[in-house]
**Q** 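Have a look at this one before I ask anything.
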Amino acid sequence: MSASVQETTLESTTSMVAVCTTGDLEPGWGEAAWVNGTQVAMYRTESNQFYATSHHCPGSGAKVMARGILGDKTIGGTRVPTIACPLHKEVYRLDTGACLSANGVALPIFAVHNLDDTLWMETGS
Ligand code: FES
């Protein structure tokens, strides 16, 4: 009996795209990026964790999220990273996209993988 193993690489996986390097992002800040015709916001927390979300604020549609304010909040005894929209200060979880202010719409998020200091984003397509 033989097993078949199909080797895949990030380059051959169409749902992943290299966006930038870790050095392109300053700790505690976000940057906007153009990925497959969509504006995304890439973030580097002060503790060097990397996240990606839509650059469009779900509250207004304004392309502002990369200019948001990074922070964190304790939820259920766990510190979770957050981003606050710079315009109306709606706060979103970076790990789930859930809106923590009122009953706001969730912020679309994208998984980020750090491989040898290159940040790859899952696009889902
Ligand atoms: S524009 Fe983002 S919460 Fe209003």
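We count ligands from 1, going down the list as the structure has it; atoms in each ligand are counted the same way.
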**Q** Looking only at non-hydrogen atoms, find the nearest pair between G61 and H56 and report the distance.
**A** O-CD2, 3.4 Å

**Q** Show every donor-acceptor pair shorter than 3.5 Å between a side-chain atom in residues 25-35 and any protein atom, with sequence neighbours excluded, or say none if there are none.
**A**
none

**Q** Are any side-chain N or O atoms of H55 and backbone N or O atoms of K63, one a donor and one an acceptor, separated by less than 3.5 Å?
**A** yes

**Q** Return the protein residues near ligand 1 (heavy atom under 4.0 Å from any of its atoms), ordered by chain and residue number.
**A** C57, S60, C85, L87, H88, E90

**Q** What pair of heavy atoms forms the shortest contact from Y92 to L107, and how long is it?
**A** CD2-CB, 3.6 Å

**Q** Linking Ile, Leu, Val, Met, Phe, Trp and Tyr through side-chain heavy atoms less than 4.5 Å apart, which residues share a cluster with V80?
**A** I75, V91, L100

**Q** Sequence neighbours left out, what passes side chain to side chain donor-acceptor pair (under 3.5 Å) with S60? Give chain and number order.
**A** none

